[in-house]
Colleague: 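One structure is given below, represented as structure tokens, and several questions about it will come after.
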Protein chains: 4
Amino acid sequence: MSYMRSPARQRQILEHAKRVFAERGFHAASVADICEAAGIGRGTLYQYFANKQAVLTAILRQTLDRVRALMERQSVVGVPLARPEDITRDQAIAWSARQLRAVLGAVFEDQDTLRILLREAVGLDVDVERLLGEIDDGLIAIVERGLGALREAGLVRDLDTRVAATLMVGGIEKLALAALRGDRPVDLDALALEVARLHGAGSLSDRVRTTRGGPA
Amino acid sequence: MSYMRSPARQRQILEHAKRVFAERGFHAASVADICEAAGIGRGTLYQYFANKQAVLTAILRQTLDRVRALMERQSVVGVPLARPEDITRDQAIAWSARQLRAVLGAVFEDQDTLRILLREAVGLDVDVERLLGEIDDGLIAIVERGLGALREAGLVRDLDTRVAATLMVGGIEKLALAALRGDRPVDLDALALEVARLHGAGSLSDRVRTTRGGPA
Amino acid sequence: MSYMRSPARQRQILEHAKRVFAERGFHAASVADICEAAGIGRGTLYQYFANKQAVLTAILRQTLDRVRALMERQSVVGVPLARPEDITRDQAIAWSARQLRAVLGAVFEDQDTLRILLREAVGLDVDVERLLGEIDDGLIAIVERGLGALREAGLVRDLDTRVAATLMVGGIEKLALAALRGDRPVDLDALALEVARLHGAGSLSDRVRTTRGGPA
Amino acid sequence: MSYMRSPARQRQILEHAKRVFAERGFHAASVADICEAAGIGRGTLYQYFANKQAVLTAILRQTLDRVRALMERQSVVGVPLARPEDITRDQAIAWSARQLRAVLGAVFEDQDTLRILLREAVGLDVDVERLLGEIDDGLIAIVERGLGALREAGLVRDLDTRVAATLMVGGIEKLALAALRGDRPVDLDALALEVARLHGAGSLSDRVRTTRGGPA
DNA sequence: TATGAATGAGATTTCATTCAT
DNA sequence: TATGAATGAAATCTCATTCAT
């Protein structure tokens with residue numbers, strides 16, 4: 001037996017539970033697994049969490065908190081101030097990538113969280129789904145706000161920022177998922193840059209005429 | 001109760017199971033639920049499927065088959081033959097959207113399949129994951145091939161088609177998921193067009209200089 | 001494994017559960033104990049009863065049904081029709097004892113039921129308490145009605161029949177309980193006669209004057 | 001938290017435990033409930049009692065002690081000394097009621113004790129049962145002794161005093177229980193009088209002939 | 001072939017009790 | 001002495017799967 005202050009023990013349990021959930025998935029992971037991993041008795045977990053799902057919920061809430069915190073901070077983050085004409089595509093894309101990178105870092109703090117968010121917590125129940133939805137909403141809102149700022153600065157054309165942001169976040173997650181499937185660690189920097197470039201510049205060749213009748 | 005030739009009954013069970021899985025999720029749905037929905041005894045299901053998971057697997061395999069079939073057909077689908085200079089952005093985007101739409105139709109045949117693929121089957125176990133992975137791979141491969149063809153035709157610039165395709169598919173799914181969360185039916189046509197436009201044209205304003213030193 | 005028609009199996013489980021509850025008490029008896037006694041798997045019990053308490057409830061309801069049935073039958077049972085002056089105390093007491101005996105037989109069908117009603121089911125929870133209360137009420141109502149009939153016939157003096165009946169039932173149960181404590185089987189015939197005699201004739205000596213000033 | 005001399009604290013715990021047991025019942029009441037009510041830590045209870053049941057046992061023992069004490073005192077309590085012929089029924093009944101009242105007061109000191117004795121402690125385990133049995137025996141013995149004295153004085157006819165006493169105590173308890181079920185507070189004075197009257201005078205009408213052939 | 005009664009492994013959860021502080 | 005964090009035995013209950021009919 002080892003005595004521990006309440007908050008520390010709670011954190012300890014969460015840390016181990018995160019790993020176990022990521023490895024085995026929510027259903028396959030038993031409370032016994034978590035407790036064994038944490039080196040505590042089975043009853044101890046129930047002093048800190050009402051039930052198994054509450055543990056998962058707490059993990060997700062941590063992530064949601066990080067997202068919310070980022071939303072606060074982001075509001076003060078500046079946007080390139082130069083006139084559009086003085087900024088190159090690459091510069092705009094780099095700025096966008098840096099922003100995306102910050103978002104990704106906040107959410108997918110570690111590979112375990114990544115796995116849980118994208119795989120193990122999906123389709124569980126309404127409470128969990130609501131949390132996942134809120135996290136997604138937060139993520140998308142941050143990206144959307146970034147796009148909005150760029151649009152205001154004239155760097156981004158007139159488009160539905162909500163849809164565009166959703167598209168970016170979804171794309172990122174799919175790339176991350178593909179990486180997880182291959183059991184490769186996920187390189188968030190590369191991911192962010194890739195996405196920023198594709199979404200920024202588009203995929204069409206410059207040779208394609210923007211409008212009927214004239215060259216691009 | 002009612003006698004039915006084997007393959008027909010199997011299909012019947014799958015149809016009902018699909019609905020039940022979509023409504024309740026894999027874990028929450030019990031074998032009893034499925035059998036009741038299909039109007040058969042509990043033991044009967046086991047005449048056609050080894051176990052509960054095999055039912056899900058069969059559903060996913062159906063989808064995978066549709067994807068594979070699409071890959072076959074797609075190989076003969078033509079690409080705009082005109083020179084890039086003779087094609088407008090909008091035309092290219094429309095063509096891309098049509099292609100995406102075909103892909104979406106094949107996979108997300110109905111809302112139930114959509115729900116199962118995106119939510120209820122995620123994170124279950126290695127077998128299921130492998131299937132989901134193969135479906136994703138198929139989808140991405142189709143989109144990628146489309147991009148490749150466009151690139152060959154000079155309509156799309158030089159880019160990592162695999163990554164771009166993954167990004168598109170992921171984005172689409174996220175949009176679909178968002179719609180599912182809101183319990184709205186998903187409009188695949190609108191989705192396809194939106195994605196094609198954003199990915200084709202990019203989000204940057206035309207005023208942003210393509211390269212340092214010269215106007216766009 | 002042995003297959004059995006639903007109602008038969010239900011009865012079988014109840015029979016064994018009754019014995020186990022009587023022997024060990026509700027809390028000390030585990031579902032496993034009951035199932036082992038009945039020679040069935042643990043899950044089987046839950047096909048017939050929602051939970052452990054429902055088993056007890058069913059046992060009590062059986063008893064309540066017997067009491068209710070007795071109430072129906074009793075309504076047609078006759079009362080000695082002779083004028084009070086033509087009936088001896090002993091005759092009235094004997095009639096009363098026969099009536100009590102019928103009541104006791106209905107409720108305390110067997111020693112197990114007796115034990116459960118008086119000891120193992122007391123103080124469990126509101127549902128169970130309500131049932132016990134209803135059984136008690138039924139018992140008392142029957143005895144009360146008997147007293148009422150005797151009073152109408154002029155054989156019993158004017159008194160609060162409800163209180164008197166409660167007193168009789170309580171007294172009987174205490175005697176039965178005392179017998180149970182001594183692990184003696186309970187002789188319901190002797191009990192009934194004893195109670196009828198004491199309650200009928202009272203305990204005071206005939207030498208005590210009925211009213212101040214005159215001889216008894 | 002607060003330091004207290006051992007016996008005082010023990011009494012304090014018992015007082016709160018009594019209330020908690022009466023309210024929730026022995027099983028439903030947790031050690032945590034008791035400790036919270038008593039305003040002490042969970043471990044502290046175990047400094048004074050070996051385990052949860054020992055707390056209940058102590059409560060019952062207190063009651064048993066009161067019963068035993070009453071038995072001592074009662075031995076010197078006098079019986080009406082006048083000749084039977086000089087005493088009216090009502091006087092004898094009043095004396096009997098006073099005696100019963102004293103007994104009831106001793107045992108059912110308060111509503112909590114009443115509840116515990118009649119409901120929450122029944123059917124728990126052999127130790128507790130033995131105590132309940134001893135309390136009952138004590139109660140019955142006191143009443144029995146009273147009856148014996150009255151019989152010696154010629155006020156009560158020749159009867160099995162043990163059975164008669166058991167009957168009275170049982171009847172009283174059932175009346176009390178009925179009152180508890182209705183959540184009415186129990187009026188011990190009324191109870192005692194009712195029982196003394198019914199048991200003293202009997203329920204048969206005076207018009208019923210005591211013996212065949214002659215008037216009562 | 002179809003059925004659904006029977007099964008039991010295994011999961012979650014409670015709570016009286018212990019013991020480090 | 002007082003505390004309350006830690007414990008783990010043991011209980012209930014679920015449900016996918018089997019198999020007698």
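Chain A is the first sequence line, chain B the second, and so forth, proteins listed ahead of strands; every chain is numbered from 1.
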Colleague: Is a side-chain N or O of B:Glu120 found less than 3.5 angstrom from the main chain of B:Arg115, in a donor-acceptor match?
Modeller: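 No.
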Colleague: Quick check for you: to the nearest 0.5 Å, what is the distance between C:Arg61 atom CZ and C:Leu14 atom CG?
Modeller: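 Reported to 0.5 Å precision, the distance equals 12.0 Å.
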Colleague: Examine distances only and state if a side-chain atom of D:Asp136 and a backbone atom of D:Gly133 form a donor-acceptor pair shorter than 3.5 Å.
Modeller: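 No; judged by distance alone, with no hydrogens or angles, the pair does not exist.
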Colleague: To the nearest 0.5 Å, what is the distance between CD1 (D:Ile13) and CD1 (D:Ile59)?
Modeller: 11.0 Å
Colleague: Give the residues of residues 15-22 of chain B touching DNA chain F, defined as any heavy atom closer than 4.0 Å, sorted by residue number.
Modeller: none
Colleague: Specify the separation, in whole Å, of atom OH of D:Tyr48 and atom P of E:dT17.
Modeller: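 The distance from OH of D:Tyr48 to P of E:dT17 comes to 18 Å, rounded to the nearest Å.
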Colleague: Using 0.5 Å steps for rounding, measure from the CD1 atom of B:Ile116 to the CD atom of B:Gln111.
Modeller: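 Answer rounded to 0.5 Å: 12.0 Å.
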Colleague: Could you tell me how far apart C:Ile13 (CD1) and E:dA5 (C1') are, to the nearest whole angstrom?
Modeller: 11 Å
Colleague: Not counting sequence neighbours, which residues clear salt bridge (charged side-chain N to carboxylate O under 4.0 Å, His left out) with B:Asp65? List them please.
Modeller: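 Checked B:Asp65 against salt bridge (charged side-chain N to carboxylate O under 4.0 Å, His left out); zero matches.
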Colleague: Could you tell me how far apart A:Gln12 (CD) and F:dA5 (P) are, to the nearest whole angstrom?
Modeller: 15 Å
Colleague: Supply the atom-to-atom distance B:Thr63 OG1 to B:Leu131 CG, rounded to the nearest 0.5 angstrom.
Modeller: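 Interatomic distance, B:Thr63 OG1 to B:Leu131 CG, rounded to 0.5 Å: 9.5 Å.
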Colleague: In dot-bracket form, 5' to 3', how is DNA chain F paired? Count Watson-Crick and G-U wobble pairs only if both distances fall under 3.5 Å, and write | where the partner sits on another strand.
Modeller: .||||||||||||||||||||
Colleague: Reading nucleotides 8-15 of chain E from the 5' end, what letters show protein touch, with B for base, S for backbone sugar-phosphate only, - for no heavy atom under 4.0 Å?
Modeller: B-B-SBBB
Colleague: Could you state the atom-to-atom distance from CD1 of C:Ile34 to C1' of F:dT12 in whole Å?
Modeller: 12 Å
Colleague: Which pairs would a plain distance check flag for residues 50-57 of chain C, meaning a side-chain donor or acceptor within less than 3.5 Å of a matching protein atom at least two apart in sequence or in another chain?
Modeller:
{"from": "C:Asn51", "atom 1": "OD1", "to": "C:Gln53", "atom 2": "N", "distance (Å)": "3.3"}
{"from": "C:Asn51", "atom 1": "OD1", "to": "C:Ala54", "atom 2": "N", "distance (Å)": "3.0"}
{"from": "C:Lys52", "atom 1": "NZ", "to": "C:Phe26", "atom 2": "O", "distance (Å)": "2.9"}
{"from": "C:Lys52", "atom 1": "NZ", "to": "C:Ala29", "atom 2": "O", "distance (Å)": "2.8"}
{"from": "C:Gln53", "atom 1": "NE2", "to": "C:Asp125", "atom 2": "OD2", "distance (Å)": "3.1"}
{"from": "C:Thr57", "atom 1": "OG1", "to": "C:Gln53", "atom 2": "O", "distance (Å)": "3.0"}

Colleague: Please determine if A:Glu134 and A:Arg130 form a salt bridge, counting it only when a charged side-chain N lies under 4.0 Å from a carboxylate O.
Modeller: yes
Colleague: Grab the CG-P distance between B:Leu45 and E:dT3 for me, whole Å please.
Modeller: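 To the nearest whole Å, that distance equals 11 Å.
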Colleague: So, taking the atom named CG in C:Leu60 and the one named CZ in C:Phe21, what distance separates them when rounded to the nearest 0.5 Å?
Modeller: 9.5 Å
Colleague: Specify the separation, in whole Å, of atom CZ of C:Phe49 and atom P of E:dA5.
Modeller: 14 Å
Colleague: Between C1' on E:dG4 and CD on B:Glu36, what's the gap in Å once rounded to a whole number?
Modeller: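 To the nearest whole Å, that distance equals 13 Å.
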Colleague: Does A:Thr44 have any side-chain contact (heavy atoms from CB on, under 4.5 Å) partners at least two apart in sequence or in another chain, and if so, which?
Modeller: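 With sequence neighbours excluded, A:Thr44 shows a side-chain contact (heavy atoms from CB on, under 4.5 Å) to A:Arg9, A:Ile40, A:Tyr48, given in chain and number order.
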